[in-house]
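I have placed the structure first, in the form of structure tokens, so that the comments after it can refer back to it.
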Amino acid sequence: MEERCIVYVVDDDPSVLKSIERLLRSAGHEVRTFSSALEFLDVQHPDAPGCLILDIKMPELGGLELQERLAASELTFPIIFITGHGTVPMTVQAMKAGAVDFLQKPFLNTDLLDVVSRTVAADQQAKQQQRELRRLRQRLNNLTPRECQVFELVVTGMLNKQIAFDLGTSEKTIKVHRARIMEKLGAGSLADLVRFAQKLGIFPP
Amino acid sequence: MDLVSRVTKSVAFLLLWLLLFSIPHPLSASPPLKRILILFPYESHMPGFIDFESGLRSTLAASKDFEFEFYVECMDLTRFPDERYQEKLMELYREKYSSLKIDLIVANQLPSLKFLAEYSPASFHKLPVLLYAQDPRFTGEQSLAPDAITVTGKLDMSDTLALAMRLHPNVRKVFVVSGASRLDKSLEAAAREELRSFESRVELCYLSGLPIDELTRRLSCLPEGSLTLYLAVFQDGNGRTFKSPEALALISKEANAPIYSLSDSYIDSGIVGGRLISHSALGAKAASTALRILGGEKPDDWSSSEESVNQYVFDAHQLRRWGISEDSLPRGSDIRHRSDSAWEEYRWRIIGVLSLLFIQALLISALVSTLQRQRRADRALQKAADEWQTTFDSINDMIMLMDHEFRILRVNAAASSFTALPLEEIRGKSCHSILHGISARPEDCPCAVMSRTKKHEEAVLYDEKRDAWLFVSVDPILDDRGELTGLVHAVKDVTEKKRAMEALAASEEFNRAVLASLKNHIAILDKNGTILAVNEAWEQHAIQNDSQGLAGLGPGANYLEICQAAIQTRAHLAWEAFNGIRSVIDGERDSYTLEYPCDSPDESRWFFMKVMPFRNPEGGVVISHTDITERKNAELEAQLRREELTHVTRIVTIGELAASLAHEINQPITAILCNAEAAQRFLSRTTPDLEEVRTILADIIQDDKRAGEVIRRMRTLVKKETPQREPLNLNDAVRETIALVRNASFLGGVSIVDELDPELPVVPADRVQLQQVVMNLLLNATAAMKKTPPALRKLVITTGMRDGRGVMVSVRDSGAGIAANDAERLFEPFYTTKRDGLGMGLPISRTIIKAHGGTIWAENHEEGGAVFHFTLPLDLRKQPQGGA
């Protein structure tokens with residue numbers, strides 16, 4: 001699955017910015033560069049997987065501040081920090097806020113490329129899962145409340161007869177519900193239903 | 001006046017005498033002789049009669065028609081009124097003149113006429129008689145001598161009184177004085193008659209017939225506003241007879257009011273004057289009548305002459321006595337006894353006498369001057385003797401004159417006080433008994449030596465008795481043969497002088513010791529620069545350092561010439577020294593100092609020269625050289641230390657910058673690494689993008705340069721180098737410094753704004769040191785803004801010209817500003833307002849700026865925050881030598 005991935009780089013040092021862009025480009029990444037955090041924020045970014053390489057020390061708006069702002073928004077980028085002289089408190093703050101990595105300049109190019117590749121892949125995956133969950137949730141929304149009840153009980157491994165008893169209905173009715181649930185959620189088997197339930201966070205009580 | 005009149009008389013006689021013998025008597029035919037008998041009823045020498053007689057005689061003598069012989073009889077009838085006396089007298093006259101032919105009788109007044117009428121002999125009866133009287137009222141009865149021809153004057157009482165009242169306008173009382181004789185009484189009667197008309201204007205008091213004492217007393221105490229009219233006093237109330245002028249003289253002396261009278265015979269007796277009858281005029285009048293009678297004219301042929309014989313006559317003495325101005329007198333008044341009258345009258349006589357007196361005075365003065373010369377000589381001699389004695393006595397030293405046996409003959413006053421003995425006790429004694437109280441002569445006494453050598457001898461002896469030092473001298477007095485006749489022996493107490501000299505010697509010794517002990521080389525020069533004296537240190541230095549030794553630099557050598565010679569080899573210093581010494585000698589400055597290097601072959605040395613004026617009348621200077629090599633070395637050492645300290649603080653600053661510097665270097669290195677990796681990858685592609693790689697390589701070179709620059713900057717700051725002055729563009733230095741600190745963590749996001757003057761000229765300065773200063777100021781400014789909200793933190797660095805003479809760099813922050821207490825102390829070492837500050841930044845900055853000839857200061861900006869300025873001069877010459 002060759003989905004399009006974008007690597008964003010923000011650094012106020014033009015020479016560093018340019019060299020990182022080249023490096024990533026040489027490794028086959030699609031790169032977008034910004035010389036300041038504000039410039040980065042000004043641009044509408046596509047909902048594509050990727051990562052953000054961010055210099056911590058920049059005039060006006062620093063890397064950590066940008067991280068905070070992004071966390072508050074809907075945009076989620078895995079962030080790799082690069083810095084000339086990182087301090088421990090700075091690193092801790094960045095990592096707590098969800099940074100992927102923290103690289104000290106001058107870093108090994110392989111390190112950067114590895115981290116970027118890993119992060120981009122992870123993001124790609126995460127982005128895919130997110131899309132799948134969104135799809136499941138939409139399907140879940142199509143279920144009637146009775147079907148939702150039945151769905152929650154089915155994934156616990158209860159038999160139709162047991163469910164009918166619990167719900168005070170007939171086994172046959174449950175069978176019909178079960179077939180409709182399978183159909184609406186696009187599941188081919190009970191195992192699919194259980195996996196969906198796990199993804200959706202629906203666990204038997 | 002007595003003297004003058006006497007002299008006048010004697011001169012008159014002298015002249016008369018000369019005249020008689022010098023002029024031959026003229027021979028002429030003698031005219032007929034006429035004999036005239038003058039009968040005068042009173043005693044002889046009555047002034048009025050004398051005047052009358054001389055007036056008569058002189059007039060007659062002037063006649064050329066006759067010669068006259070005069071016979072005068074003063075009958076004294078007033079005092080002898082006895083008839084028998086008159087009978088006998090007439091008998092006598094008859095007998096006396098029987099053999100003479102009398103041609104004319106001139107009879108005075110009434111008494112004579114009566115006498116003639118009653119007693120004259122028959123021989124007289126046919127004789128013409130000329131009767132004269134002062135006044136017609138006293139001619140008596142014409143019947144007594146019907147043939148007598150009368151000549152009268154007039155006693156002018158009313159005119160006289162009127163005159164007196166005019167001269168004394170305040171007169172209220174007039175005292176009319178008359179005596180007790182018949183004539184007196186008749187005068188009084190006439191006065192009472194004539195003066196009646198005055199009674200309405202003035203009170204008339206008649207003092208008649210008073211005793212002379214009483215009269216005198218009364219007239220001496222008359223009331224104010226009185227005057228006296230004196231008629232006559234021939235007899236007073238006590239029967240005492242007078243010549244009337246005598247009585248008047250007695251009265252007038254005591255009188256307290258002016259006296260007027262009627263006859264000029266009183267003019268010398270104390271009257272002021274009056275319209276007086278002149279007896280000599282009356283005599284002249286009588287004489288002219290007599291001539292007519294003798295000429296044969298009949299009395300019937302002429303009427304009695306009315307020619308006045310009265311005249312206004314005054315006594316100048318009395319005018320003065322009563323304060324009467326001569327101006328108020330009637331015109332033509334005869335003023336007697338006026339001071340110039342004698343001169344006018346006797347001018348030639350006075351001149352003659354004065355000439356004689358003058359000659360006499362010359363003779364006398366010649367005599368006197370001879371005498372005075374004599375006296376002067378005597379006095380000079382006496383004075384010389386006195387002076388000698390005074391001098392002798394005024395000498396404070398004891399001086400004794402002695403005979404050849406050494407006995408004291410004479411001593412001065414000092415000897416008495418010196419020995420505390422009276423002069424009398426000293427004389428005759430020997431000097432040693434007087435001085436030392438011993439009988440034998442002390443052996444060291446110069447007298448003993450002198451008696452052998454017979455020359456001046458002297459010695460300084462200690463006198464135990466007085467605890468004193470005595471200077472004793474002896475001078476022999478020798479006679480012609482060289483034998484000793486006496487001696488002069490002087491003793492002087494020289495204790496004080498001796499002690500003073502000892503003190504002086506001690507002081508000199510002290511000074512010499514002080515000078516000798518000084519390490520400074522000291523020399524005294526006269527105003528020409530010649531060395532007068534030097535101390536031991538100078539000598540030593542000269543011997544060791546000058547090729548000629550002491551001869552070249554010691555006393556006698558000219559220091560200015562030495563300096564001039566040295567100008568050839570060490571021009572700058574020698575020239576300065578020469579001018580400096582010259583200026584102190586000339587008084588242009590009070591002192592001159594110079595520090596100069598003067599290396600010896602084995603070591604480098606420094607000397608400090610100080611030139612001060614030599615305070616004595618001849619002028620000159622004192623020169624002192626001090627070896628200050630140690631101090632100079634210490635100074636150089638200190639400078640070295642200072643430079644090290646500057647360096648260390650720089651390192652400390654750079655330590656603070658370490659992170660920032662790391663960042664500065666990391667950036668290009670990171671870029672280089674990335675670029676290199678990228679290039680590798682591009683190259684390893686199947687279709688390598690060479691163009692891309694070329695750009696990358698260019699960037700790599702650029703970044704490498706950039707990293708190298710950072711390292712270079714850091715190294716220059718860290719490196720310890722001797723400060724160097726080179727033309728420096730301050731703008732560049734500032735920009736580099738900003739670049740160094742821009743990313744420093746301590747800046748805490750402060751933005752640095754630079755406002756640099758593009759026209760800024762280059763200044764001679766040490767780049768590293770100035771960057772250190774700028775960096776210090778930037779660090780301080782940043783630290784000052786720690787408490788300022790980040791958004792307000794601002795740092796402005798400015799460069800620009802200052803006053804056209806230098807450049808100024810200012811660093812302004814937006815912190816709290818400088819507290820008043822800190823302003824003064826900011827630049828003190830180890831004073832810091834920062835918690836972790838070293839307190840050396842600003843002191844070192846100041847040292848650096850001062851070494852560049854500039855100044856650094858701090859102030860609060862009017863819009864808040866502090867500003868630090870420093871200036872640097874454009875001109876290298878204004879900068880001090882040597883670095884920080």
Side-chain angles (χ1 to χ4, degrees), chain A residues 7 9-31 33 35-37 53-66 80-91 102-117, chain B residues 656-707 709-710 739 742-753 790-791 793:
Chain A
V7 179
V9 185
V10 182
D11 197 317
D12 63 324
D13 190 320
S15 147
V16 174
L17 189 65
K18 202 157 98 186
S19 66
I20 291 175
E21 185 261 340
R22 278 192 189 118
L23 178 65
L24 293 172
R25 197 149 47 82
S26 69
H29 296 287
E30 184 178 349
V31 186
T33 57
S35 60
S36 78
I53 298 173
L54 190 53
D55 189 11
I56 284 189
K57 229 185 114 36
M58 283 184 298
E60 294 171 348
L61 196 62
L64 292 172
E65 286 88 53
L66 181 58
I80 302 162
F81 282 109
I82 53 171
T83 176
H85 48 281
T87 59
V88 173
M90 220 187 273
T91 317
F102 200 100
L103 293 178
Q104 187 96 16
K105 288 181 194 170
F107 39 77
L108 288 171
N109 292 333
T110 47
D111 286 354
L112 179 69
L113 289 177
D114 284 354
V115 172
V116 169
S117 300
Chain B
E656 285 188 50
L657 284 176
S660 168
L661 288 170
H663 182 81
E664 284 294 303
I665 294 171
N666 282 343
Q667 295 288 70
I669 287 176
T670 305
I672 288 166
L673 279 176
C674 291
N675 276 327
E677 180 79 22
Q680 247 173 5
R681 284 171 181 272
F682 284 129
L683 285 175
S684 61
R685 283 185 184 173
T686 45
T687 51
D689 185 348
L690 290 179
E691 190 54 38
E692 174 90 57
V693 172
R694 202 169 286 125
T695 328
I696 289 171
L697 288 177
D699 281 356
I700 288 176
I701 293 168
Q702 193 59 40
D703 282 328
D704 184 72
K705 277 187 185 166
R706 181 178 156 197
E709 181 66 17
V710 173
R742 173 163 288 144
N743 291 301
S745 59
F746 56 72
L747 278 184
V750 173
S751 58
I752 300 177
V753 179
R793 289 178 195 167

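Side chains are part of it too, since the values below use all heavy atoms of this structure and drop only hydrogens, waters and symmetry mates. First the proteins, then the strands, lettered A, B, ... as listed; each starts at 1.
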Rounded distance [0.5 Å steps], [atom1] in [X] versus [atom2] in [Y]:
{"X": "A:Thr83", "Y": "B:Asn666", "atom1": "OG1", "atom2": "CG", "result": "9.0 Å"}
{"X": "A:Lys105", "Y": "B:Leu673", "atom1": "NZ", "atom2": "CG", "result": "12.0 Å"}
{"X": "A:Leu108", "Y": "B:Glu677", "atom1": "CG", "atom2": "CD", "result": "9.5 Å"}

Mind ranking B:Ala678, B:Cys674, B:Ala679 by heavy-atom pairs under 4.5 Å with chain A and telling me who comes out on top? B:Cys674

Given that the side chain runs from C-beta out, which part of B:Thr695 has a heavy atom under 4.5 Å from chain A: side chain, backbone, both or neither?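 Both the backbone and the side chain of B:Thr695 come within 4.5 Å of chain A.
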
Yes or no on side-chain contact (heavy atoms from CB on, under 4.5 Å) for A:Leu113 and B:Arg681, after CA distance, side-chain angles and deciding distance? CA-CA 12 Å; A:Leu113 289 177; B:Arg681 284 171 181 272; 2.8 Å; yes

N/O donor-acceptor pair under 3.5 Å between B:Asn675 side chain and A:Arg22 backbone: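 Such a contact is absent between B:Asn675 side chain and A:Arg22 backbone.
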
Neighbourhood of chain A inside residues 696-703 of chain B, taking heavy atoms under 4.5 Å as contact: B:Ile696, B:Asp699, B:Asp703

In terms of heavy-atom contacts, A:Asp13 and B:Arg706 come closest through OD2-NH2, 2.7 Å

